[in-house]
Structure formats: C-alpha cells, structure tokens
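This report concerns only the one structure given below.
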2 protein chains.
Amino acid sequence: MDKVFQALSSAPRRAILDIVRDRPGSSVGHVCKFFDVSRIAVMKHLNVLEEAGLLISEKQGRTRRLYFNSAPIQMIHERWTSEYSALWAGHLTEFKRQVEAKQGT
Amino acid sequence: MDKVFQALSSAPRRAILDIVRDRPGSSVGHVCKFFDVSRIAVMKHLNVLEEAGLLISEKQGRTRRLYFNSAPIQMIHERWTSEYSALWAGHLTEFKRQVEAKQGT
DNA sequence: ATAATAGGTAACCTATTGGTTACATATGAA
DNA sequence: TTCATATGTAACCAATAGGTTACCTATTAT
C-alpha cells in the first residue's frame with residue numbers, strides 16, 4: 001500500500017499512468033516522448049510504478065510493452081471506502097461537532 | 001494532490017489518521033503514545049498530514065487539538081472514479097484483450 | 001556482418017525524508 | 001511565583017528519491 005501511494009505521489013508518474021491507460025502496450029520510448037527528462041529518469045518512474053503493481057510490462061522482441069493495472073487502486077478504493085465509509089460522504093463538520101463535547105485528551 | 005498521496009504513503013501516518021479519526025480532538029501527546037519514535041518525529045508526521053490537508057489542528061490553551069479532514073480524500077476519490085471509472089470496476093483483463101489488436105508503438 | 005534501434009545497468013550528485021538531541025516557549029497547577 | 005506540562009524550533013545525520021552521463025546488451029534492418 002505504501003508503494004502504491006508513493007508511486008501516485010508524483011505528477012509525472014500519474015501522467016505516465018494516463019498515457020499507458022490511453023494507449024496500452026506503449027513502449028518505453030513512446031512514454032519518453034511526453035517528457036523532457038532523460039530516458040533513464042522515465043525508466044526509474046516506470047520501475048516505481050511497476051513495483052507498486054500499477055504497471056505491468058511484457059517484453060516483446062527488443063521492446064517492453066506497458067499495461068496499466070488498476071488492481072492496486074481498486075484495492076485501496078475498496079478498503080478505504082469501507083473503513084472510512086462515513087467520511088467519504090463528507091460528514092466532517094458534523095463529526096467535529098459531535099466531538100467537541102467529548103474532548104479527548 | 002502530490003502532497004496527499006505523499007502523506008498517505010507512510011503506514012505510521014495512516015495510523016495517525018486512524019487514531020485521530022477514532023478520537024477527534026486528540027492532542028499531540030495522545031498520538032505519541034501509540035508510537036515508539038520521538039515526539040518530534042511524530043510532530044513531523046503531523047505536519048506532513050496537516051500540509052496535505054488531511055489533518056486540521058486548533059490550539060486550545062497549551063494543547064493542540066487534531067481533527068481528521070476527509071475532504072482531500074473525497075476529492076481524489078471523485079476525480080479518480082470519474083477519470084478511471086471503467087477501471088474501478090475491474091475490467092483490466094478485457095481492457096488488455098481489446099488492446100492486443102491495436103498494439104500502440 | 002554491420003549498423004541502427006530499444007532498452008538496461010552503473011556510478012555519481014543533489015535535495016528531501018525521517019529520524020535524532022538539545023534548547024525554547026507558553027500555559028496550567030501548587 | 002515557581003514548577004511541571006505540552007508543544008515548538010534548530011541543528012544535525014543517514015537513507016532514499018530523482019536526476020544526470022557513460023557504457024553495455026539484445027534485437028531488428030541493410
């Protein structure tokens with residue numbers, strides 16, 4: 001879970017996810033076209049995403065084809081929507097009011 | 001958005017959110033009881049969470065009272081469920097199959 | 001066989017993170 | 001007023017992140 005959030009915490013990496021989601025099977029080179037940094041820097045981002053399970057890659061000849069994997073995001077979504085179910089709905093204000101009586105240490 | 005994901009990428013910080021959610025109005029000292037690291041380390045986590053908007057703090061006398069704020073998580077949830085709507089539902093396999101014909105560069 | 005292409009690895013640098021200790025400040029209690 | 005409590009700040013340190021250049025490997029095309 002740490003790795004997923006960590007991976008998602010960078011705008012370039014989220015952009016990579018968009019690129020691959022919009023064009024599954026993208027090569028490393030294709031992804032690089034969208035960025036100004038070196039290919040190596042992009043590859044590091046790709047590895048972070050892959051280690052988080054957000055990208056899957058499959059080597060085809062000399063090119064590495066990339067696929068977006070939504071499973072980790074789904075997992076987090078499910079876990080958090082159940083655990084924080086009341087909160088997703090947006091009841092902070094009420095929540096605070098409830099508490100201002102209790103006043104925990 | 002970066003800051004929110006960054007803040008959520010650490011298990012201790014997520015634990016802090018749980019603690020404060022379960023006992024809104026918690027003091028810094030109360031949160032510290034749950035961890036083995038120094039108070040300063042905990043305070044740094046609190047500041048990261050606060051800068052991400054996930055915690056709100058209000059000073060009451062000499063104690064700082066902490067409140068969980070679900071707004072950033074809601075924002076992300078809404079944005080991602082719309083943007084990745086097909087994916088939340090878990091259609092990666094189909095997604096991949098669709099694409100294996102196209103085969104983008 | 002040779003050259004061009006696509007990708008991977010290694011070594012290095014700087015900035016950020018996450019922890020520490022020591023000290024400072026402000027408020028509540030005796 | 002004096003002491004204890006609750007929090008905040010500063011300076012430091014090791015590990016990680018994110019970038020670079022230089023070089024290596026494997027596959028495709030001529």
Side-chain angles (χ1 to χ4, degrees), chain A residues 1-17 19-20 23-68 99 102-105, chain B residues 1-20 23-68 102-105:
Chain A
M1 192 136 140
D2 295 46
K3 285 187 176 181
V4 179
F5 281 125
Q6 175 62 32
L8 291 173
S9 74
S10 130
R13 278 196 293 262
R14 291 195 302 273
I16 290 177
L17 287 188
I19 292 165
V20 174
R23 207 216 263 216
S26 289
S27 66
V28 173
H30 174 71
V31 172
C32 286
K33 288 177 202 156
F34 293 82
F35 299 92
D36 264 355
V37 299
S38 73
R39 179 178 55 89
I40 313 303
V42 171
M43 278 188 35
K44 288 194 182 178
H45 285 306
L46 291 175
N47 292 339
V48 169
L49 289 165
E50 190 160 5
E51 285 196 5
L54 289 163
L55 281 185
I56 295 171
S57 77
E58 165 195 16
K59 194 122 187 190
Q60 203 173 89
R62 66 182 164 183
T63 89
R64 176 173 160 207
R65 302 214 165 272
L66 302 164
Y67 301 94
F68 175 77
V99 168
K102 302 183 187 173
Q103 293 294 15
T105 303
Chain B
M1 194 135 139
D2 295 45
K3 286 187 175 180
V4 178
F5 282 125
Q6 175 62 30
L8 292 172
S9 74
S10 132
R13 278 196 293 262
R14 291 195 302 273
I16 290 176
L17 287 188
D18 289 341
I19 292 164
V20 174
R23 204 215 267 217
S26 289
S27 67
V28 173
H30 174 71
V31 172
C32 286
K33 288 177 201 156
F34 294 81
F35 299 93
D36 264 354
V37 299
S38 73
R39 180 179 54 89
I40 313 301
V42 172
M43 278 188 36
K44 288 194 181 179
H45 285 308
L46 291 174
N47 292 339
V48 169
L49 289 165
E50 191 161 4
E51 286 196 4
L54 288 162
L55 282 185
I56 296 171
S57 76
E58 164 195 16
K59 194 121 188 190
Q60 203 174 90
R62 67 184 163 181
T63 90
R64 174 174 161 206
R65 302 215 165 271
L66 301 164
Y67 301 95
F68 175 77
K102 302 184 187 174
Q103 293 295 17
T105 303

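Residue numbering restarts at 1 for every chain, and letters A, B, ... go by the order of the sequence lines.
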Search all heavy atoms of [X] against all heavy atoms of [Y] and return the closest pair with its distance.
X        : Y        : value
Gln6(B)  : Arg13(B) : O-NH2, 3.2 Å
Asp2(A)  : Ser10(B) : OD2-CA, 3.9 Å
Val31(B) : Ser26(B) : CG2-CB, 4.3 Å
Leu66(B) : Val20(B) : O-CG1, 3.5 Å
Leu8(B)  : Arg14(B) : O-NH1, 2.7 Å

* **Per-nucleotide protein contact string for nucleotides 9-21 of chain D (B base, S sugar-phosphate only, - none; heavy atom under 4.0 Å)** => BB-------SBBB
* **Reading 5' to 3' through nucleotides 24-30 of chain D, protein heavy-atom contacts under 4.0 Å coded B for base, S for sugar-phosphate only, - for none** => ---BS--
* Asked: Do Ile19(B) and Phe35(B) come close enough that some side-chain heavy atom pair is under 4.5 Å?
  ->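 Yes - at least one pair of side-chain heavy atoms lies under 4.5 Å apart.
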* Asked: Just wondering, do Lys59(A) and Arg65(A) contact through their side chains at under 4.5 Å, heavy atoms?
  ->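 No - every pair of side-chain heavy atoms lies 4.5 Å or more apart.
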* So does Arg64(B) get a side-chain nitrogen or oxygen closer than 4.0 Å to the phosphate oxygens (OP1/OP2) of dA6(D)? ->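 False: Arg64(B) side-chain N/O out of range (4.0 Å or more) of dA6(D) OP1/OP2.
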Can you tell me the distance, in whole Å, between the [atom1] atom of [X] and the [atom2] atom of [N]?
X        : N       : atom1 : atom2 : answer
Lys33(B) : dT5(D)  : NZ    : P     : 13 Å
Phe5(A)  : dT17(C) : CZ    : C1'   : 18 Å
Lys3(B)  : dT17(C) : NZ    : C1'   : 14 Å

* **salt bridge (Lys or Arg N to Asp or Glu O under 4.0 Å): pairs with one or both residues in residues 36-57 of chain A, sequence neighbours excluded** =>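 Every salt bridge (Lys or Arg N to Asp or Glu O under 4.0 Å) pair that includes a residue of residues 36-57 of chain A, provided the two are not neighbours, is Lys3(A)-Glu51(A), Glu50(A)-Arg64(A).
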